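These notes are about the structure you will find just below.
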Amino acid sequence: MSTGGDASALRASGLGGMLEVVGAHRGAEARDAVTVRSVTVSYGERPAVFAVDATFPAGAMTAVVGPNGAGKSTLMKAMVDAAPKLAGEVRFFGEPFARARGRVAYVPQRASVDWEFPARAVDVAMMGLYREIGLFRLARRRHREAALAALDRVGMADFAERQIGQLSGGQQQRVFLARALAQGADAFLLDEPFAGVDATTERAVIALLRELRDRGAVVICVHHDLSTLNDYFDRALLMNVRRVSEGPVAEAATPEALQAAYGGRLAQARAEAMAG
Amino acid sequence: MDVALFLGALALSAGWNTALVTVGAALLGAAAGAAGAFLFLRRRALAADAAAHATLPGVALAFIAMVWMGGDGRWLPGLMLGSAASAALGLWAVEAIPRRTRLGEDAAIGGVLASFFGFGVVLLTVIQAMPGGRQAGLDGFLLGATAGMLQAEALTIASMGAALALATFALRRPMTLASFDPGYAAAVGVNVRAVDLAILALALAVTVTGLKVVGLILIVALLIIPPAAARFWTERVDLTALGAALIGAVSAWIGAALSAAIPGAPTGALVVLSAAALFTVSMLMAPKRGALAEALARRRLSRRVHRRQGLLALARGEAIHDRDSLRALRGEGLIGRDGAPTMAGRAAAAAALRDEARWALARADAPGAPGMEGLRPIAEAFTPDEIAAFDARLGALRLAP
């Protein structure tokens with residue numbers, strides 16, 4: 001049976017929608033994007049993320065939004081192998097994560113760090129270069145200069161010698177961003193980069209992310225604030241354990257889609273966004 | 001204590017054997033400090049203590065096995081192997097119990113530490129009852145006993161110490177990444193679980209090496225006290241590990257020398273006391289992070305706050321009641337005994353008021369920026385041009401209707 005025959009057979013049996021899905025999957029092997037196919041992650045018995053499909057193209061800033069507990073952070077962790085996938089696959093520029101590691105920068109939520117650790121801002125930025133320096137070789141001056149340059153791009157050059165625990169929350173966030181910059185990545189995955197940061201940091205971070213996007217990087221942010229969704233991002237993935245909608249912000253974040261994702265909590269989410 | 005002998009041992013001039021033992025102990029101390037630094041940063045000190053106590057049954061069983069096979073039960077490599085085996089078993093139990101049961105890690109550590117150690121003590125009494133068992137000197141492994149150490153044993157300890165220090169240096173990057181931010185480390189491809197095991201394995205190897213020098217009860221102190229002391233001197237992880245290695249080496253050196261001069265005292269106790277002394281000095285005297293430095297900094301800040309408060313009150317013609325403010329002003333000769341301002345005081349008060357207005361403008365220009373409280377001279381934060389600009393704006397304000 002020819003493919004044309006297959007297509008009309010599917011359509012005839014009312015499964016026309018299947019064709020769109022199949023087509024989308026074939027296109028999803030794009031070399032210049034990050035693709036997520038049918039990813040499922042579970043902690044214990046309940047799935048935290050279920051069969052999520054998404055495409056994050058280069059040269060665009062995509063927000064992952066949804067209510068608390070929607071699995072947004074979990075999805076991102078699963079994408080960078082920091083949480084185990086039950087099913088599905090993720091491709092970075094056509095490669096599995098393990099092979100694309102050098103090109104992907106992950107900026108986690110701030111909570112997992114030990115703040116009393118003896119590390120200055122410049123030391124944290126240098127950590128982004130460890131892959132390049134290698135396990136056993138000595139760090140050269142150009143590595144230190146690259147780390148300082150990365151700090152400068154986030155406006156933290158003056159704080160290079162300050163111990164990380166002595167910085168404000170927003171300043172710490174910027175230092176972690178510098179670490180990701182020092183890595184020289186093509187894809188940036190940030191988990192709630194604007195949560196609880198001061199206005200200066202928010203401005204610095206959004207300017208930097210836009211610069212990265214304009215240079216062709218993939219920028220993906222787990223984002224909590226619906227009120228800034230339209231201003232900051234080009235595309236959005238709405239999810240609540242399952243994918244609800246995806247696409248340019250205006251198309252994906254329609255009132256119906258928001259209602260579907262947030263359910264009864266939409267009013268609360270909006271109120272928080274207004275207040276925040 | 002024979003002071004001459006102590007000084008001689010310190011200078012490595014009290015005989016070849018003593019010198020070898022002292023150097024070997026110092027190398028062990030360096031390895032303990034370096035490996036212990038990551039144990040300290042990763043907060044796994046107690047797990048290492050459990051592993052150390054779990055070496056005892058292995059030592060005893062190895063002794064019994066070697067005697068049973070017709071040899072001299074005191075062959076150090078054999079005892080080290082036995083100790084490593086039972087310590088590894090203890091570590092496995094410490095990891096497995098919280099994972100497979102509802103018990104927390106502290107319960108697992110306490111249980112393993114006590115039960116393995118108790119079993120070991122019982123085995124020691126069994127050995128005591130064996131023919132020739134009393135000469136085993138195995139209880140030297142509890143608190144360390146370098147007296148009568150063989151040359152071969154000292155060499156073994158020295159070379160293992162050096163090797164472990166090098167291994168720690170080689171693995172420093174993955175260990176740093178995993179200790180600071182395990183989430184990020186996993187994302188850049190570091191096997192965090194393997195690194196955790198490596199950190200514990202290094203600690204275990206240091207424990208086994210240090211059995212004869214420091215003993216299993218006190219080795220955890222040599223692992224933890226040097227990095228804790230080093231932490232007062234630096235904010236960098238590489239310097240923390242290096243400082244810990246240095247402090248560990250010096251403590252062990254002094255302890256071994258003391259042990260040569262005080263025949264009865266256990267080496268481990270002397271090494272640990274030396275380390276504790278260095279820790280106390282660090283805690284008190286380290287610049288910036290030491291207790292003394294912090295107290296002085298707080299006094300300086302308090303003085304500045306009260307001086308400013310007092311001067312502003314003077315400028316506004318308010319009465320000053322705060323005793324600290326009065327003291328600060330009196331100390332600089334800005335007010336007399338009766339509380340009235342002197343000439344210098346009036347000038348200083350006017351200057352303080354003007355600076356306060358300048359700081360107010362600066363704060364309005366950069367809301368939320370740090371360091372704008374007005375506690376340091378404005379000349380430290382702004383150039384003369386910028387200050388002149390502030391003054392111009394203030395002048396314009398005063399002239400405005």
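Note that this is a predicted model, so its numbers are computed, not measured.
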(request) Locate the shortest heavy-atom distance separating B/Leu41 from A/Asp114; write the atom from each residue and the value. (result) O-OD2, 3.8 Å
(message) Just so I understand: if I count every heavy-atom pair under 4.5 Å between each of B/Val190, B/Thr234, B/Leu177, B/Thr240 and chain A, which residue has the most?
(response) B/Leu177
(message) How close do A/Ile164 and B/Phe180 get, counting heavy atoms only, and between which atoms?
(response) CG2-CE1, 4.1 Å
(message) Between B/Arg289 and chain A, with a heavy-atom cut-off of 4.5 Å, which part of the residue counts as in contact: side chain, backbone, both or neither?
(response) side chain
(message) If I measure from the heavy atoms of chain B, does A/Ala100 come under 4.5 Å with its side chain, its backbone, both, or neither?
(response) neither
(request) Measure the CD-NZ distance between A/Gln163 and B/Lys288 for me, rounded to the nearest 0.5 Å. (result) 11.0 Å
(request) Determine whether more than 12 heavy atoms belonging to other residues, nucleotides or ligands lie under 6.0 Å from atom CZ of A/Arg140. (result) no
(request) Could you pull out the closest heavy-atom pair between B/Ala187 and A/Tyr106, with the gap in Å? (result) CB-CD2, 3.5 Å
(request) Anything in residues 118-126 of chain A with a heavy-atom distance to chain B below 4.5 Å? Please list those residues in order. (result) A/Pro118, A/Ala119, A/Arg120, A/Asp123, A/Val124
(message) Quick check for you: to the nearest 0.5 Å, what is the distance between A/Glu161 atom CD and B/Glu235 atom CD?
(response) 11.0 Å
(message) Let's go through A/Tyr130 and B/Val188 carefully: what are the C-alpha distance in whole Å and the side-chain angles of both, what is the deciding distance for side chain to side chain contact (heavy atoms under 4.5 Å, CB included) to 0.1 Å, and is it a yes or a no?
(response) CA-CA 9 Å; A/Tyr130 276 7; B/Val188 291; over 6 Å; no
(request) Under the side chain to side chain donor-acceptor pair (under 3.5 Å) rule, collect the residues that match up with B/Thr168, sequence neighbours excluded. (result) none
(message) Between B/Asp181 and A/Arg179, is the side chain to side chain contact (heavy atoms under 4.5 Å, CB included) condition met? List the steps.
(response) CA-CA 12 Å; B/Asp181 191 347; A/Arg179 178 175 67 183; 3.1 Å; yes
(request) Specify the closest pair of heavy atoms between B/Tyr184 and A/Gly128, including all atoms of both residues, with the distance to one decimal. (result) OH-CA, 3.5 Å
(request) Output yes when a side-chain donor or acceptor of B/Arg173 lies under 3.5 Å from a complementary backbone atom of A/Arg137, and no otherwise. (result) yes
